[in-house]
Every structure is written in C-alpha cells, then in structure tokens.
J.: 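Before I ask anything, here is the structure I am working with.
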Amino acid sequence: MAEENIFLFVPNLIGYARIILALLSFYLMPCCPAPAVFCYLLSALLDAFDGHAARALNQGTKFGAMLDMLTDRCATMCLLVNLALLYPSYTFLFQLSMSLDVASHWLHLHSSMMKGATSHKTIDLSGNPILRIYYTSRPVLFFMCMGNELFYCLLYVLYYIEEPQVWLQWLLAVCGIVCVLKSGISVLHLITASCNMAAIDLADREMERSKTK
C-alpha cells in the first residue's frame, strides 16, 4: 500500500489556499480595501470547509489542526497591525487583542495536546460549560468567529468611507459585541488552560514522588 502524503490531504490543500488568500489580502490592504477584504473574508470562510472536508474524508491530522490555528492567528494579527496603523489612538487595544488571542490559543492548544487531544478544538466536556458550547456547537463557533473577523474588517473598510450608511454602523455595533464576547472566551481559554497545565504539573510531581518511595 502506498504511503499517504499528509501534505496533499484535501483539508490541508484548502489550508494552503487560505494562506495564499490571506497573503494577497495583506498585500492589498494599504491600497485596495475592497479586494483586500474580499480575500480576507474568503480565507476566513474556507476555515469552515476544511473542517468539513477533514471529517467527510477522514483526513483530520495534527498538521492540519496546527496549520488551521496558525493561519487564523496570523491572519487576525496582521489585520490588527493594519488597524493600528489606521487608528493609532487605539493601538494599545489592538495590541491587547493580539496578545490575548495568541496567548490564549497557544496555551489552550499546548495543554490540550499534553492531555492527549488531537486538536485545540477537542476539550474535556466536563470542563467549563461556556467553552463546551463554544467548541461543540458548530453554529455558535462559526457565528462567534465570523462576527469577530467581520468587526475588524468593518473597522478597516469604514476608515475609507466618509459617510457610512446606518446599517453598516449597526452591523459594526453588533459585531463589536461579538468581538467583546469572544475576547471574554479567550480569557476563559487562558484560565482553563492554566488550570489544566497546573493539574498536569501536579500529576507529574506526584508521579515523581511515587517513584522515589
């Protein structure tokens, strides 16, 4: 039987397309807001399709999970860098958002892997009920992630619109609420992942002590 090529699995190919779209979006951001946002949101939307492909084709991999998370984090971070340039008085808030997003997901992924999970989206269902709903309900996860990304994209687009329509302002307000809620979930990520890491440390120390007896 021929050896499988993990790098050519369909979900990973979708992941590569997401990276190309994100890079194209970053390149266009300084000059072309409409195509930049189109490429960025298309890259974000494909995030839902790679998961479906992984489950349908039984091609879920650790590499794919890591590629997925890194693409999400890097894309959001680069958009926030651009927003910091456009709205310099809010730079600290954008920096805070970047730091919270990266730190919470990295610690959550690391603690999940140490507990034996294959993805940062696989959590202990006996843990925090909010994270349980967030990661087990695909509509909730999609709504929160897209609302968060749409908020940042709207901030970017509205910078170039002198008199935005009322519906755009309302949409920005709704997405802003979603962004705040998602930031709260990131804080929960940090807390629960820290508790998980501490529990793993305690178990390791207890095992070491039992070996010395």
J.: State yes or no: do Met77 and Leu155 share one hydrophobic cluster built from I, L, V, M, F, W and Y residues joined by side-chain heavy-atom distances below 4.5 Å, directly or via other members?
T.: yes
J.: Of the non-hydrogen atoms in Ser43 and Arg18, which two are nearest, and what is the gap between them?
T.: O-NE, 2.7 Å
J.: Return the minimal non-hydrogen interatomic distance between Pro11 and Gln59, and the atom names on each side.
T.: CD-OE1, 3.0 Å
J.: Return the CG to OG distance between Asp101 and Ser183, rounded to the nearest 0.5 Å.
T.: 8.0 Å
J.: Indicate, with yes or no, if Leu79 and Met69 share a hydrophobic cluster defined by side-chain heavy-atom contacts under 4.5 Å among Ile, Leu, Val, Met, Phe, Trp and Tyr.
T.: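 No: no chain of side-chain contacts under 4.5 Å links Met69 to Leu79.
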J.: Could you tell me whether Phe63 atom CZ has more than 12 heavy atoms of other residues or ligands within 6.0 Å of it?
T.: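 Enclosed.
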J.: Taking atom CG of Asn58 as the centre, report whether more than 12 heavy atoms of other residues, nucleotides or ligands fall under 6.0 Å from it.
T.: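 Atom CG in Asn58 is not packed in, count stays at 12 or less.
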J.: Using side-chain contact (heavy atoms from CB on, under 4.5 Å), reason through Leu190 and His108 one step at a time and then give a plain yes or no.
T.: CA-CA 7 Å; Leu190 277 175; His108 184 65; over 6 Å; no
J.: Linking I/L/V/M/F/W/Y whenever their side-chain heavy atoms sit closer than 4.5 Å, directly or via other members, would Leu13 and Leu24 fall into one cluster?
T.: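 In one cluster: no.
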J.: Is it the case that one hydrophobic cluster holds both Leu57 and Phe49, taking links as side-chain heavy atoms less than 4.5 Å apart, direct or via other members?
T.: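 Leu57 clusters together with Phe49.
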J.: I would like to know whether Trp106 and Arg73 meet side-chain contact (heavy atoms from CB on, under 4.5 Å); could you show each step before the answer?
T.: CA-CA 10 Å; Trp106 186 88; Arg73 303 286 69 75; over 6 Å; no
J.: Identify the two heavy atoms, one from Met144 and one from Val178, that lie closest to each other, and give their separation to 0.1 Å.
T.: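 In this case the closest contact between Met144 and Val178 is O-CG1, 3.5 Å.
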J.: For ring pair (Phe, Tyr, Trp, His ring centres under 6.0 Å), just list the numbers for Tyr40 and Tyr156, CA-CA rounded to whole Å, side-chain angles, deciding distance to a tenth of an Å, and then say yes or no.
T.: CA-CA 11 Å; Tyr40 185 91; Tyr156 167 71; 8.9 Å; no
J.: Do other residues, nucleotides or ligands put more than 12 heavy atoms under 6.0 Å from Arg55 CZ?
T.: yes
J.: Compare every heavy atom of Phe26 with every heavy atom of Ala75, then report the nearest pair and how far apart it is.
T.: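 Nearest pair, atom of Ala75 first, then Phe26: CA-CZ, 3.6 Å.
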J.: Mind listing the closest non-hydrogen atom pair of Leu67 and Asn12 along with its distance?
T.: CD2-O, 4.1 Å
J.: Please assess Leu46 against Asp50 for the test side-chain contact (heavy atoms from CB on, under 4.5 Å), listing each intermediate value before the final yes or no.
T.: CA-CA 6 Å; Leu46 286 176; Asp50 63 4; over 6 Å; no
J.: Does Arg209 pair with Glu206 as a salt bridge, N-O distance under 4.0 Å?
T.: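 A salt bridge is present here (some side-chain N lies under 4.0 Å from a carboxylate O).
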J.: Take atom OH in Tyr87; do more than 12 heavy atoms of anything else shown fall under 6.0 Å from it?
T.: yes
J.: Leu86 and Tyr159: which non-hydrogen atoms are nearest, and at how many Å?
T.: O-CE1, 3.4 Å
J.: Side-chain heavy atoms nearer than 4.5 Å, only ILVMFWY residues, links allowed to pass through others: does that put Leu93 and Ile185 together?
T.: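 Unlinked, Leu93 and Ile185 end up in two clusters.
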